[in-house]
Asks: 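What follows is a structure written as structure tokens; I'll ask about it next.
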Amino acid sequence: MLLSNPLIFDKLYYFLAELPIISSSFSTSISLNDCQNINVKKTKSLSNTYFEESVRLNSSVLLGQYKTFIGAHSYVGEGGYLKQSFIGRYCSIGRRVTIGAGSHEMTNLTTYPGLSKKNPTNPVILENDVWVGDGVVILPGVRVQTGAVIGANSVVTKDVEAFSVIAGAPARHIRYRIDPSLFDFIKTSNWWEYPKDILSETKNLELIDRLHVLKAFPKEKYKKYRTYSLI
């Protein structure tokens with residue numbers, strides 16, 4: 001059932017993680033069979049999980065007592081674990097990735113969770129176009145900015161800059177994947193708001209040429225994604 005008075009995405013984002021990134025119309029309460037644009041395979045605990053269209057999840061575990069959002073065209077590989085997470089659009093998340101795993105009390109009598117006080121955890125935020133390699137662990141409260149790349153088997157303990165390539169345990173900055181002089185141009189282009197078919201038409205162009213083509217595209221034709229929750 002679609003909401004008669006849709007919420008724009010920034011309100012949904014505050015509801016989930018407190019910082020607006022992308023815009024959307026909001027809808028809710030459909031069955032998985034009613035949403036052909038969401039590809040979910042053997043995924044557990046979908047309550048409190050919100051999707052835009054064309055999301056793909058492969059045998060992932062989402063902790064249903066925490067809110068999670070996954071943006072359009074993002075995918076999570078096999079063996080994934082997500083807890084209290086915001087994932088933007090066009091994110092590529094590999095296999096066996098853990099996002100937002102819990103922590104244990106280390107300064108009291110015991111580290112055993114059933115005998116320790118519960119500490120509040122902050123959501124993990126992946127902005128747009130983030131590539132996460134296989135086996136990565138991202139700790140609660142981390143924000144990974146747009147365009148970042150995380151190498152396989154890394155442990156991410158702190159925020160990641162936009163377009164940064166990081167790796168290791170704990171993960172550290174290795175290099176930027178593109179020229180820093182282009183950062184603002186890319187981020188202000190908001191290319192993740194465009195229809196995918198328009199983006200596909202530019203895929204054979206060089207980076208700067210793609211940006212100029214997209215900049216000329218009328219903003220009123222941005223894609224208006226709907227958001228679904230599954231029942």
Asks: Heavy-atom count around L109 CG within 6.0 Å, excluding the residue itself: above 12?
Replies: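 No.
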Asks: Look at the side chain of S154 and the backbone N and O of V156, then say whether any donor-acceptor pair between them is shorter than 3.5 Å.
Replies: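 No: the side chain of S154 does not pair with the backbone of V156.
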Asks: List the atom of V142, the atom of T157, and the distance in Å for their closest heavy-atom pair.
Replies: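 Looking at all heavy atoms of both residues, the closest pair is CG2-C, 3.8 Å.
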Asks: Would the distance check show the side chain of H104 and the main-chain N or O of T111 forming a donor-acceptor pair, the cut-off being under 3.5 Å?
Replies: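 Confirmed, H104 side chain pairs with T111 backbone.
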Asks: Please find the pair of heavy atoms, one from Y90 and one from W191, that lie closest to each other, and give the distance.
Replies: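 Y90 and W191 have their closest heavy atoms at CD1-CZ3, 3.6 Å.
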Asks: Over all heavy atoms of both residues, which pair between S85 and I99 is shortest? Give the atoms and the distance, please.
Replies: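 Closest approach of S85 to I99, heavy atoms only: OG-CG2, 3.3 Å.
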Asks: In terms of side-chain geometry, is the basic nitrogen of R177 or D129 positioned less than 4.0 Å from the acidic oxygen of its partner?
Replies: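 Looking at R177 and D129, the cut-off is met.
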Asks: Look only at the side chain of T202 and the backbone of L199, and say whether a donor-acceptor pair between them is shorter than 3.5 Å.
Replies: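 Confirmed, T202 side chain pairs with L199 backbone.
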Asks: If I take atom CD1 from residue I93 and atom CG from residue L82, how far apart are they, to the nearest 0.5 angstrom?
Replies: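 Between I93 CD1 and L82 CG, I get 6.0 Å after rounding to 0.5 Å.
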Asks: Indicate the atoms forming the closest heavy-atom contact of R89 with S74, along with that distance.
Replies: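 The answer is C-OG, 3.5 Å.
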Asks: Would one find more than 12 heavy atoms of other residues, nucleotides or ligands at under 6.0 Å from atom NZ of K187?
Replies: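 Yes, the 6.0 Å shell around NZ holds more than 12 heavy atoms from other groups.
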Asks: Is any NZ, NE, NH1 or NH2 atom of the basic residue among R96 and E78 found under 4.0 Å from an Asp or Glu carboxylate oxygen of the other?
Replies: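 Salt bridge: no.
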Asks: Any chance you could lay out the side-chain contact (heavy atoms from CB on, under 4.5 Å) test for I178 and F183, step after step, and finish with the verdict?
Replies: CA-CA 8 Å; I178 57 174; F183 288 1; 3.6 Å; yes
Asks: For Y176 and E161, does a side-chain donor sit closer than 3.5 Å to a side-chain acceptor?
Replies: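 On atom types as modelled, these side chains qualify, holding a pair under 3.5 Å.
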Asks: Can you tell me if R210 uses its side chain to pair, donor with acceptor, with the backbone of N204 under 3.5 Å?
Replies: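 No.
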Asks: Please tell me whether V165 and L207 are part of a single hydrophobic cluster in this structure, the criterion being side-chain heavy atoms less than 4.5 Å apart.
Replies: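 Looking at the clustering, L207 is in a separate group from V165.
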Asks: What verdict does the side-chain contact (heavy atoms from CB on, under 4.5 Å) test give for L214 and I198, after you've listed the backbone C-alpha separation in whole Å, the side-chain angles of each residue and the deciding distance to 0.1 Å?
Replies: CA-CA 8 Å; L214 294 175; I198 297 298; 4.1 Å; yes
Asks: Would you mind reporting whether E52 and F69 have side-chain heavy atoms less than 4.5 Å apart?
Replies: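 Answer yes - side chains close enough.
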Asks: Between S189 and K215 (side chain of the first, backbone of the second, donor and acceptor by atom type, cut-off under 3.5 Å), is there such a pair?
Replies: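 Checked: no pair found.
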Asks: Are any of the side-chain nitrogens in E127 or R143 under 4.0 Å away from the carboxylate oxygens of its partner?
Replies: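 Salt bridge flag = yes for R143 with E127.
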Asks: Do D134 and N153 touch side chain to side chain, with heavy atoms closer than 4.5 Å?
Replies: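 No, every pair of side-chain atoms sits at 4.5 Å or beyond.
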